[in-house]
Amino acid sequence: MWILEILDIHLINLYLKNQVKELLYWWSHYIREISYQLLIAFLAYICVCIFFYVILKRVNHAAWQLPGPPHRILLVTAHPDDEVMFFGPIIYWVTRSKITNLYLLCFSSGGDKRRKTELWNCAKILGIPEENVTIIMSSELPDSQSVQWPIDVLAESILHYIESYQINAVITFDKHGVSKHKNHISLYFAIAALCIEKKVPSYCKLYVLESVNIIRKYVQLLDLPISLLSASYWYLLTYEQRTNITSAMKAHQSQYVWFRKLYMIFSRYTFINTLQEVNALDLELDFQFDDEYIQSN
């Protein structure tokens, strides 16, 4: 009797082993098949990106840039090096326009006197006249990722600049500030306040640079189809044109450390800028949604 029991146990174990082997075989086959399909899809996506890039190199981008184009654009940044790290493609095309004059308003010196000189050197390489560059020095505006700058101070300065130079378009960060830096985000809330309070002159429009998730931020060319299909306005550089942006970044000698060198290689912001227009209705809805979300959590 006990012999039969042993045989039954042996047969059961053998059956289970066969079942496990068969399951592992089909599972490995399934994984290989999925991996193969994903590889094909990824290669196809790369081909699409290259196709977009090759086609766009040969066409005029004016139709997708800011409408008008504006005669005077004000670029508002928080620190020296923001202009080239985040807004390089915009600056490249605007400074080469015979119609548009670009002004740069930077709200801090970055905590180091050297950075003012570096900004002027960078602006010269980018093609921004020195007289069009303004750096604001204020103890109320420290360079700190943990400090939200006073919105009223920023808004007053931006409005003064708009009215003094008859600015037709203001460009700055969106509410995520690209890197979630609180100084960057403060600039967005400053122009949002001007817009909601209807202080912006009728001849001036407001635009923000779109922030993207961490994956899209560092895939450069691979972000091209998504950017083009989702953005209202965009500025695109070729790899040859990007050398101008890299050269300009080198002017920020105190900041050009190894991780920023990697950033300049891989970041999509040195390759393409996408913009959205700011209007009061969208802002009110956006702020209302944010308030409801905060209260519910």
Side-chain angles (χ1 to χ4, degrees), residues 73-91 104-111 115 119 122 134-136 138 140-158 161 169-196 205-220 223 226-227 230-235 245 249 252 255 259-260 262-264 266-279 282-283 285-287 289-291 293-294:
I73 292 178
L74 174 62
L75 176 61
V76 182
T77 62
H79 319 102
D81 75 19
D82 286 350
E83 76 290 339
V84 65
M85 288 182 64
F86 305 116
F87 299 93
I90 294 173
I91 294 174
L104 174 60
L105 176 60
C106 181
F107 273 97
S108 80
S109 64
R115 298 186 67 181
L119 176 56
C122 177
T134 302
I135 304 174
I136 293 181
S138 173
E140 294 182 281
L141 308 173
D143 179 1
S144 173
Q145 294 196 31
S146 60
V147 175
Q148 182 102 4
W149 287 343
I151 304 304
D152 55 339
V153 173
L154 300 174
E156 183 181 349
S157 296
I158 294 171
Y161 213 104
V170 176
I171 301 173
T172 192
F173 297 98
D174 69 2
K175 68 176 182 178
H176 302 293
V178 176
S179 59
K180 297 185 179 179
H181 197 301
K182 284 193 174 182
N183 295 168
H184 297 177
I185 296 169
S186 299
L187 300 179
Y188 167 78
F189 283 110
I191 67 164
L194 290 174
C195 185
I196 290 175
K205 292 187 177 182
L206 307 175
Y207 301 91
V208 292
L209 180 71
E210 288 187 320
S211 297
V212 297
N213 62 55
I214 191 70
I215 296 175
R216 289 182 59 192
K217 188 176 179 179
Y218 293 109
V219 294
Q220 206 194 88
D223 191 53
I226 301 173
S227 294
S230 62
S232 300
Y233 309 104
W234 49 265
Y235 291 78
I245 305 300
M249 183 60 195
H252 292 283
Q255 304 301 302
F259 57 87
R260 287 194 177 91
L262 291 176
Y263 174 92
M264 295 302 294
F266 294 106
S267 174
R268 53 91 76 179
Y269 289 98
T270 64
F271 179 68
I272 186 169
N273 285 158
T274 52
L275 302 172
Q276 295 288 356
E277 185 175 352
V278 173
N279 63 70
D282 288 343
L283 286 172
L285 291 173
D286 193 25
F287 290 157
F289 175 80
D290 286 346
D291 289 341
Y293 178 81
I294 292 170

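The figures here come from the full heavy-atom set of this structure, side chains too, leaving out hydrogens, waters and symmetry mates.
A 4.5 Å side-chain heavy-atom check between Leu75 and Leu105 finds every atom pair outside the cut-off. Side-chain contact between Ile91 and Val84: absent, with no pair of heavy atoms (C-beta onward) separated by less than 4.5 Å. Arg216 has its side chain within reach of Ser227: a pair of non-hydrogen atoms, C-beta onward, lies under 4.5 Å apart. Side chains of Pro80 and Cys106 form a contact here, defined as non-hydrogen atoms less than 4.5 Å apart. A heavy-atom distance below 4.5 Å is found between the side chains of Leu275 and Ile90. With a 4.5 Å cut-off on side-chain heavy atoms, Tyr269 and Lys217 count as touching. Using a 4.5 Å cut-off on side-chain heavy atoms (C-beta onward), Val208 and Tyr188 make contact.
Considering CG of Asp223 and CD1 of Ile215, their distance stands at 11.0 Å, rounded to 0.5 Å. Annotation: the span from Ile151 atom CD1 to Leu194 atom CG amounts to 10.0 Å, rounded to 0.5 Å. The CD1 atom of Ile158 sits 7.5 Å away from the CG atom of Leu74 when rounded to the nearest 0.5 Å.
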Working for side-chain hydrogen bond (donor to acceptor under 3.5 Å, both in side chains), residues Ser108 and Asp143: CA-CA 7 Å; Ser108 80; Asp143 179 1; 5.1 Å; no
Criterion side-chain contact (heavy atoms from CB on, under 4.5 Å) on Ile191 and Val76, from CA distance to verdict: CA-CA 10 Å; Ile191 67 164; Val76 182; 5.7 Å; no
Verdict with reasoning, Leu154 to Leu141, per side-chain contact (heavy atoms from CB on, under 4.5 Å): CA-CA 9 Å; Leu154 300 174; Leu141 308 173; 3.9 Å; yes
Candidate pair Arg268 and Thr274, rule side-chain contact (heavy atoms from CB on, under 4.5 Å), full reasoning: CA-CA 10 Å; Arg268 53 91 76 179; Thr274 52; 3.5 Å; yes
Candidate pair Leu104 and Thr77, rule side-chain contact (heavy atoms from CB on, under 4.5 Å), full reasoning: CA-CA 8 Å; Leu104 174 60; Thr77 62; 3.9 Å; yes
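For the residue pair Glu83 / His252, a side-chain donor-acceptor distance below 3.5 Å is found, with atom types taken as modelled. Looking at Tyr161 and Thr134, their side chains do bring a donor and an acceptor atom within 3.5 Å of each other.
Among the candidates Phe189, Phe86, Tyr207, the single residue satisfying the ring pair (Phe, Tyr, Trp, His ring centres under 6.0 Å) test with Phe173 is Phe86. A side chain to side chain donor-acceptor pair (under 3.5 Å) with Ser232 is found for one member of Glu210, Gln276, Glu277 and no other, namely Gln276.
Although no hydrogens or angles enter the test, the distance criterion places no donor-acceptor pair under 3.5 Å between the side chain of Asn273 and the main chain of Leu209. Within the 3.5 Å criterion, the main-chain N or O of Phe266 finds no donor-acceptor partner in the side chain of Thr270. A distance-only check finds no donor-acceptor pair linking the side chain of Trp149 to the backbone of Ala190 [under 3.5 Å]. Judged purely by atom type and a 3.5 angstrom limit, Asp82 uses its side chain to pair as donor or acceptor with the backbone of Ala78. Listed for the His176 side chain is no donor-acceptor partner under 3.5 Å among the backbone atoms of Val178. Side chain of Ser267 to main chain of Met264: no donor-acceptor pair is present (N/O by atom type, distance under 3.5 Å, no hydrogens or angles).
The two residues Pro89 and Ile245 have their closest heavy-atom pair at N-CD1, 4.4 Å. Arg260 approaches Met249 most closely through the heavy-atom pair CD-CE, 3.8 Å. Scanning both residues, Cys195 and Asn279, for their nearest heavy atoms gives SG-C, 3.7 Å. For the pair His181 and Ser144, the tightest heavy-atom approach, listed with the atom from each and the gap, is CE1-O, 3.4 Å.
Side-chain rings of Tyr235 and Phe87 stay apart, their centers remaining 6.0 Å or farther from each other.
The number of heavy-atom neighbours closer than 6.0 Å to CD of Gln148, taken from other residues, nucleotides and ligands shown, is above 12.
Note on Asp81 versus Arg115: salt bridge recorded, some NZ/NE/NH1/NH2 to OD/OE distance being below 4.0 Å.
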